[in-house]
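Since the model is a prediction, treat every value here as computed from it, not as a measurement.
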Amino acid sequence: MSGAADRMKMFAFAGVMAIAALVFAASPSHALDIKRMTLSNGAVLLVSEEHRLPMVTMMIEFDAGTRRDPKGKEGLAELTAECLSQGTKELTAPEFDQKVDFMGSSVAVSAGRDYSTAGMTTLKKYQGDTLKLLAGILTEPGLRDVDIERKRAEQVAEIKAAEEQPGYTADVEFTKDLFGDSPYGHPGEGSSESAGKLTADDVRGFYRDNYKLGSAIIAVAGDVTADEVKVSLEKELAGLSGSVAPQAEPAPIAVAPGLHVKLIDRNVVQANIIMGSGGVERSNPDFYRLKVMNYILGGGGFSSRLVKVVRSEHGLAYSVDSGFEPGKFQGAFTVTLQTKNQSSNQAIDLILQQLREIQEKPVSDGELDGAKKYLIGSFPLGLERQSAIASFMVQVEFYGLGLDYAEQYPKLIGSVTKDDVLAVAKKYLHPDSMILVAAANQSEAKIKASQMEKAADAASAQ
């Protein structure tokens, strides 16, 4: 990867859980003054003026996420994003990187699950020159065969290296089993087989079809004024027009009763296990109740029930946590853990026990208060940097959260009650209908589904 791309890893979003981290980053005392406008080509422009430092960060969201990958061409969105950073029609990749490096700026494009992001960070005095470079790779990208082939080979090599990791393999299989052929049913980078078949024409076609400003969100944070930004963007991005047609929402996820087990045999000491079911989309009004419930269950680190029971009390897990992965479409609910092969069944049984217990009786006052205090108290920490502010604005607009979201979030979390936690646990946790994938030394792990099989039999008998 190029030096510029490496420095811009801050712009790479792994899906839609980034919003969960970023929304921790504001509080009523740190409310953002966001100006919202619409460009002549239809793009939404959000600007947060901050003049304390002579720096500017810009992020442009395109409806070109990995959920847009055509069937059989999984990995195309990610490859296209990587290739867009390889210069313009006039500048080769080394020439482009040299110009960016000379100014000490950063420019890159990356693909996430729901959308792709083109971004730049620069000193104020180089704002215009850096924007021209960013606009160049978006409006007149080089997309040369040689660069596309090089990036494709890098992507395949990275996938093959990842496939050696048992946790990665388990996650890929779980995702495929849960989502099937829906837009979220494949890893963003694709498989080594699908990525290996991608062509230069595929990349150029994906760029042509999906990088359209009429569907875009542009967020700018830093030493700027909203009016000057609008004028410069109208000029520099005039070559991008049109919109991307909405994508059909996939059917709701339905996991049949029972524990559906897939075993991957690996010569490892630690079993890597992922288990779960369908989750929610980001627009679900229960999102905030679920955040509190999941913090108590398995998302709160050492204060969570899963860590206390599975790791601290029984000493079975190297790591264990739970989480919802909401996106534009319905995401997953997962519990992941690493444990000795021989303790796999006991750890799985304890997890299922905790899922049922949080559905059966209210959490304690201490658990509820601790969860809300953490989620609200950690909220301001992430908006210290311009990149976090720009990303926050993109996601607020993309998910329709409202420009006052930084003020509303603490109130929404603070209003959650014990009855709310119990209600969402009953509604969204499905301990009797789950998919489980385990990459382990199967001769030692001997993973079984006894507890789930009993639950499925009882459910079918009713």
Side-chain angles (χ1 to χ4, degrees), residues 10-11 13-38 43-53 55-61 112 114-115 117 119 121 216-227 229-230 280-295 299-300 323-328 369-417 420:
M10 70 181 73
F11 292 117
F13 304 111
V16 100
M17 286 300 289
I19 185 65
L22 291 170
V23 295
F24 293 165
S27 69
S29 62
H30 197 134
L32 296 175
D33 180 15
I34 302 174
K35 295 179 174 63
R36 186 183 188 277
M37 310 178 208
T38 302
V44 173
L45 172 62
L46 305 169
V47 181
S48 175
E49 299 181 15
E50 176 52 70
H51 302 287
R52 288 180 298 178
L53 293 174
M55 294 188 67
V56 179
T57 295
M58 178 183 296
M59 292 185 181
I60 307 176
E61 172 270 315
D114 277 337
Y115 52 81
T117 305
T121 295
I217 300 167
I218 306 174
V220 184
D223 191 12
V224 296
T225 66
D227 290 339
V229 168
K230 183 176 182 182
V280 298
E281 65 281 357
R282 180 59 186 85
S283 61
N284 191 305
D286 285 329
F287 174 82
Y288 309 97
R289 302 177 188 96
L290 287 169
K291 286 192 71 65
V292 175
M293 185 275 291
N294 184 68
Y295 183 91
F324 286 85
E325 301 170 3
K328 179 178 179 64
D369 291 343
K372 294 199 293 186
K373 284 179 180 177
Y374 175 83
L375 294 174
I376 294 172
S378 59
F379 199 82
L381 302 179
L383 287 184
E384 298 295 329
R385 296 174 293 109
Q386 287 181 1
S387 59
I389 295 172
S391 180
F392 179 82
M393 290 191 291
V394 166
Q395 295 175 70
V396 163
E397 180 70 24
F398 183 82
Y399 294 112
L401 305 179
L403 296 184
D404 63 345
Y405 185 61
E407 298 175 62
Q408 294 303 317
Y409 176 85
K411 300 174 185 176
L412 292 165
I413 292 294
S415 67
V416 176
T417 68
D420 291 333

Enquirer: Quick one: pull up CG in Asp420 and CE in Met293 and give me the separation to the nearest 0.5 Å.
Expert: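 Asp420 CG to Met293 CE: 11.5 Å, rounded to 0.5 Å.
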
Enquirer: Please enumerate all residues that pass side chain to side chain contact (heavy atoms under 4.5 Å, CB included) together with Glu281, with sequence neighbours excluded.
Expert: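 Listed in chain order: Ser283, Asn284, Gln330.
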
Enquirer: Taking the side chain as C-beta and beyond, is there a heavy-atom pair between Arg282 and Leu401 under 4.5 Å?
Expert: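 In contact.
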
Enquirer: Show, in sequence, the C-alpha distance, side-chain angles and deciding distance for Ile217 and Tyr115, and conclude whether the side-chain contact (heavy atoms from CB on, under 4.5 Å) test is met.
Expert: CA-CA 10 Å; Ile217 300 167; Tyr115 52 81; over 6 Å; no

Enquirer: I'd like to know if the side chain of Asp114 and the backbone of Lys328 have a donor-acceptor N/O pair within less than 3.5 Å.
Expert: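 Here the side-chain-to-backbone pair exists.
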
Enquirer: Quick check for you: to the nearest 0.5 Å, what is the distance between Asp223 atom CG and Arg52 atom CZ?
Expert: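 Between atom CG of Asp223 and atom CZ of Arg52 there are 11.5 Å.
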
Enquirer: Kindly indicate whether the side chain of Leu32, heavy atoms from C-beta on, has any atom under 4.5 Å from the side chain of Ile389.
Expert: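 Sidechains of Ile389 and Leu32: in contact.
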
Enquirer: Quick one: does Asp33's side chain get under 4.5 Å of Glu49's, heavy atoms only?
Expert: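 No, side chains not in contact.
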
Enquirer: Any sub-3.5 Å donor-acceptor pair from Lys291's side-chain atoms to Ile413's backbone N or O?
Expert: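 Side chain of Lys291 to backbone of Ile413, a donor-acceptor pair under 3.5 Å: no, none is there.
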
Enquirer: With sequence neighbours left out, what residues match Val224 under side chain to side chain contact (heavy atoms under 4.5 Å, CB included)?
Expert: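 Residues passing side chain to side chain contact (heavy atoms under 4.5 Å, CB included) with Val224: Val47, Val56, Lys124, Gln127, Val220, Glu228, Val229.
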
Enquirer: Quick check on ring-ring contact (aromatic ring centres under 6.0 Å, His included): which of Tyr374, Phe324, Tyr288 does Tyr295 satisfy it with?
Expert: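 Going through Tyr374, Phe324, Tyr288 one by one, the ring-ring contact (aromatic ring centres under 6.0 Å, His included) with Tyr295 is satisfied by Tyr374 alone.
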
Enquirer: Just so I know, are the side chains of Leu290 and Val280 near enough to count as touching, which here means a heavy-atom distance under 4.5 Å?
Expert: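 Answer yes - side chains close enough.
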
Enquirer: Would you say the side-chain atoms of Gln395 pair up with the backbone N or O of Ser391, donor to acceptor, closer than 3.5 Å?
Expert: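 Looks like yes, one N/O pair under 3.5 Å.
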
Enquirer: Determine whether a donor-acceptor pair (N or O, by modelled atom type, separation under 3.5 Å) exists between the side chain of Glu61 and the backbone of Val394.
Expert: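 Between the backbone of Val394 and the side chain of Glu61 there is no qualifying donor-acceptor contact (under 3.5 Å).
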
Enquirer: With a 4.5 Å cut-off on side-chain heavy atoms, are Glu397 and Arg36 touching?
Expert: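 A side-chain contact exists here, since the closest heavy-atom pair is under 4.5 Å.
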
Enquirer: Locate the shortest heavy-atom distance separating Glu407 from Pro410; write the atom from each residue and the value.
Expert: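 So the minimum-distance heavy-atom pair works out to O-CD, 3.4 Å.
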
Enquirer: Once you round to the nearest 0.5 Å, how far does CE of Met393 lie from CG of Leu45?
Expert: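 So the gap between those two atoms works out to 8.5 Å.
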
Enquirer: With the side chain counted from C-beta on, respond yes when Gln386 and Ser48 share a heavy-atom pair under 4.5 Å apart, and no when they do not.
Expert: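 A side-chain contact is absent here, since even the closest heavy-atom pair is not under 4.5 Å.
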
Enquirer: Which heavy atom of Ser387 sits nearest to which heavy atom of Met59, and what is that distance?
Expert: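 It is O-CE, 3.4 Å.
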
Enquirer: For Ile60 versus Ala216, what's the shortest heavy-atom pair and its separation?
Expert: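 Heavy-atom minimum between the residues: CG2-CB, 4.3 Å.
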
Enquirer: Can you name the closest pair of heavy atoms from Gly414 and Lys372 and give their distance?
Expert: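 Heavy atoms only, the tightest pair is O-NZ, 3.0 Å.
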
Enquirer: Is there a side-chain contact between Tyr409 and Leu375 in this structure, where contact means two heavy atoms from C-beta onward sitting under 4.5 Å apart?
Expert: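 Contact flag for Tyr409/Leu375 side chains = yes.
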
Enquirer: Let me confirm one number: the CD1-OH distance from Ile34 to Tyr405, rounded to the nearest 0.5 Å.
Expert: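 It is 12.5 Å, given to the nearest 0.5 Å.
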
Enquirer: Is a side-chain donor or acceptor of Glu50 paired with a backbone partner of Ala221 at a separation under 3.5 angstrom?
Expert: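 The answer is no, because no donor-acceptor pair under 3.5 Å joins these two groups.
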
Enquirer: Which heavy-atom pair separates Ala390 from Thr57 by the least distance, and what is that distance?
Expert: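 Between these two residues, the closest heavy atoms are CB-CG2, 4.2 Å.
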
